[in-house]
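We name chains A, B, ... by the order of the sequence lines, and we start the count at 1 in each one.
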2 protein chains.
Amino acid sequence: MPNPTAAMLVIGDEILSGRTRDSNMHYLAQELTKIGVSLTEVRMVVDDTDAIVDAVNALRAQYDTVVTSGGIGPTHDDITADAIAQAFGAHIDIRDDARALLAAHYERQGSEFNAARQRMARIPDGATLIDNPVSIAPGFTMENVHVMAGVPSVFQAMVASVLPHITGGAPLLSQSLRINRGEGDIAGPLGDLAAAFPDLSIGSYPFVRDGVFGANIVIRGTDAGQVDAAMTRLAGLFPGDCA
Amino acid sequence: MPNPTAAMLVIGDEILSGRTRDSNMHYLAQELTKIGVSLTEVRMVVDDTDAIVDAVNALRAQYDTVVTSGGIGPTHDDITADAIAQAFGAHIDIRDDARALLAAHYERQGSEFNAARQRMARIPDGATLIDNPVSIAPGFTMENVHVMAGVPSVFQAMVASVLPHITGGAPLLSQSLRINRGEGDIAGPLGDLAAAFPDLSIGSYPFVRDGVFGANIVIRGTDAGQVDAAMTRLAGLFPGDCA
């Protein structure tokens, strides 16, 4: 049985303008891989309602799980919650449960629970809240779509809250070998190896380091015996050039 | 007139599994922003022909320019060139011009120009080659789609080859200010500022640093006078909390 699939939607002008380097995608990819969920597609869009609606509707129809990051804060450019509501055709307003969480938090802090902060309690009808131990303002889950913050520390805390509720698959085992030969030398024997182990995924990831060409060969699969057997055969192909 | 738009398609299992952290997207975003092209959408897909074909066809119809990275090497998992040909309904085979470049290179190196390396001369009919000063194997341009390697040093060299041929727009000017206050305090006055300068893009990018909440406010626009005026007004809003 193939593993469950997931997609991610990264929302934010700051990523696409090159101002900020996204790190949430890489983090999520690693966390999903650990539990046997295949992150199969990622989209990154600007802060534009139509772009968010179109992307989330395309992804939630195609993949088992969708995770979004960004755009759920209190400022005028935070439009994700309303866009998600629109994508689902759901009503959205300040919801009592989210409001209560935030009101208590700002009272403890001695900060004013002003209109901007109340915006963070806008949650679509039918969604369940995602816990945010870092800064309280919750994310939310709408069917198979998990809506999370973009600030990495908050995103990671929300992933931790949600992961136990995502159905995983067989853990993907992975072994890799660095070969200090150009891919052109490796490709023929590697193709034969891939053909001999059709249930494994064998990838070649080239690099140039100090002017030397090489490749990291990664063998992935759910059967430990097969991964071991393929790796043993790979190591025998270029015995003098492995690291 | 709005600036020209671009999209990027990142191809590769290694990115989506979390094994490799993509850096090409961030690089391209910065280069495009410099010449006034708006990178508006990014998609990342696994090494799967249908996924590549669907994504490239969706993106090339919607944006002025599309850049792809990854999957044009000599190994069995390098399927991008054939997928691009399929997306355009174009014939693909080893092409004489690309073959000649590679044959000369491997002769100089004293390496065998074997079947795997000849695969890198597979170029769709109608495409023009993109120069690769790093490792010779060319990328190619098919209408508005620029197909480039995934290895960052090669990708960057190919971007440098192609950028002069991409029509730019008005350079986007950007100024930013760090405010050491939570977004909830900033949001109200910032929303008023955004409303007062409808031609500018004003973004708020929150952070948590050493337990302190703050936000970087970025003001972007093509009119230097407006950007200056908005920034002056912003700096006056929270005089004690700016850095």
Take A/R43 and B/V42 through the side-chain contact (heavy atoms from CB on, under 4.5 Å) test and state the conclusion after the steps. CA-CA 6 Å; A/R43 298 195 190 182; B/V42 175; over 6 Å; no

For [X], which atoms come within 4.5 Å of any heavy atom of chain B: side chain, backbone, both, or neither?
{"X": "A/T75", "value": "both"}
{"X": "A/D185", "value": "both"}
{"X": "A/M25", "value": "side chain"}
{"X": "A/V46", "value": "both"}
{"X": "A/L28", "value": "neither"}
{"X": "A/I15", "value": "both"}
{"X": "A/F213", "value": "side chain"}

Would you say the side-chain atoms of B/N114 pair up with the backbone N or O of A/G184, donor to acceptor, closer than 3.5 Å?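 Side chain of B/N114 to backbone of A/G184: a pair is present.
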
Donor-acceptor pair, distance only, cut-off 3.5 Å: does the side chain of B/H76 make one with the backbone of A/L193?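 Here the side-chain-to-backbone pair does not exist.
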
Nearest 0.5 Å, please: how far is CD in B/Q62 from CG in A/D54?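 The CD atom of B/Q62 is 7.5 Å from CG of A/D54, to the nearest 0.5 Å.
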
Engaged part of [X] at the chain A interface, taking heavy atoms whose separation is under 4.5 Å:
{"X": "B/L32", "result": "neither"}
{"X": "B/S204", "result": "both"}
{"X": "B/S135", "result": "both"}

Which heavy-atom pair separates A/A116 from B/G188 by the least distance, and what is that distance?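 Heavy-atom minimum between the residues: CB-N, 4.2 Å.
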
Largest heavy-atom contact set with chain B, pairs under 4.5 Å, which of A/D78, A/D77, A/V154: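 Ranked by contacts with chain B, first place is A/D77.
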
Top contributor to chain B contacts, counting heavy-atom pairs under 4.5 Å, from A/I202, A/N216, A/V134: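 Answer, by heavy-atom pair count under 4.5 Å with chain B: A/I202.
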
Taking every non-hydrogen pair under 4.5 Å, which of B/L39, B/T33, B/L190 racks up the most with chain A?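 Top count of heavy-atom pairs under 4.5 Å with chain A: B/L39.
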
Out of B/A137, B/P206, B/S111, B/A187, return the one with the most heavy atom pairs under 4.5 angstrom to chain A.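 Option with the top pair count is B/A187.
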
Less than 4.5 Å apart, any side-chain heavy atom of [X] and any of [Y]?
{"X": "A/V208", "Y": "B/V151", "answer": "yes"}
{"X": "B/R117", "Y": "A/E183", "answer": "no"}
{"X": "A/T40", "Y": "B/L16", "answer": "no"}

According to the side chain to side chain donor-acceptor pair (under 3.5 Å) rule, which pairs have a member within residues 12-23 of chain B, sequence neighbours left out?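 Residue pairs with at least one partner in residues 12-23 of chain B: A/R220-B/S17.
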
Verify the neighbour count for atom CD of A/Q30: are there more than 12 heavy atoms of other residues, nucleotides or ligands below 6.0 Å?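 Yes - once you tally the heavy atoms of other residues, nucleotides and ligands closer than 6.0 Å, there are more than 12.
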
Verify the neighbour count for atom CD of B/E107: are there more than 12 heavy atoms of other residues, nucleotides or ligands below 6.0 Å?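 Check fails, neighbour count at 12 or below.
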
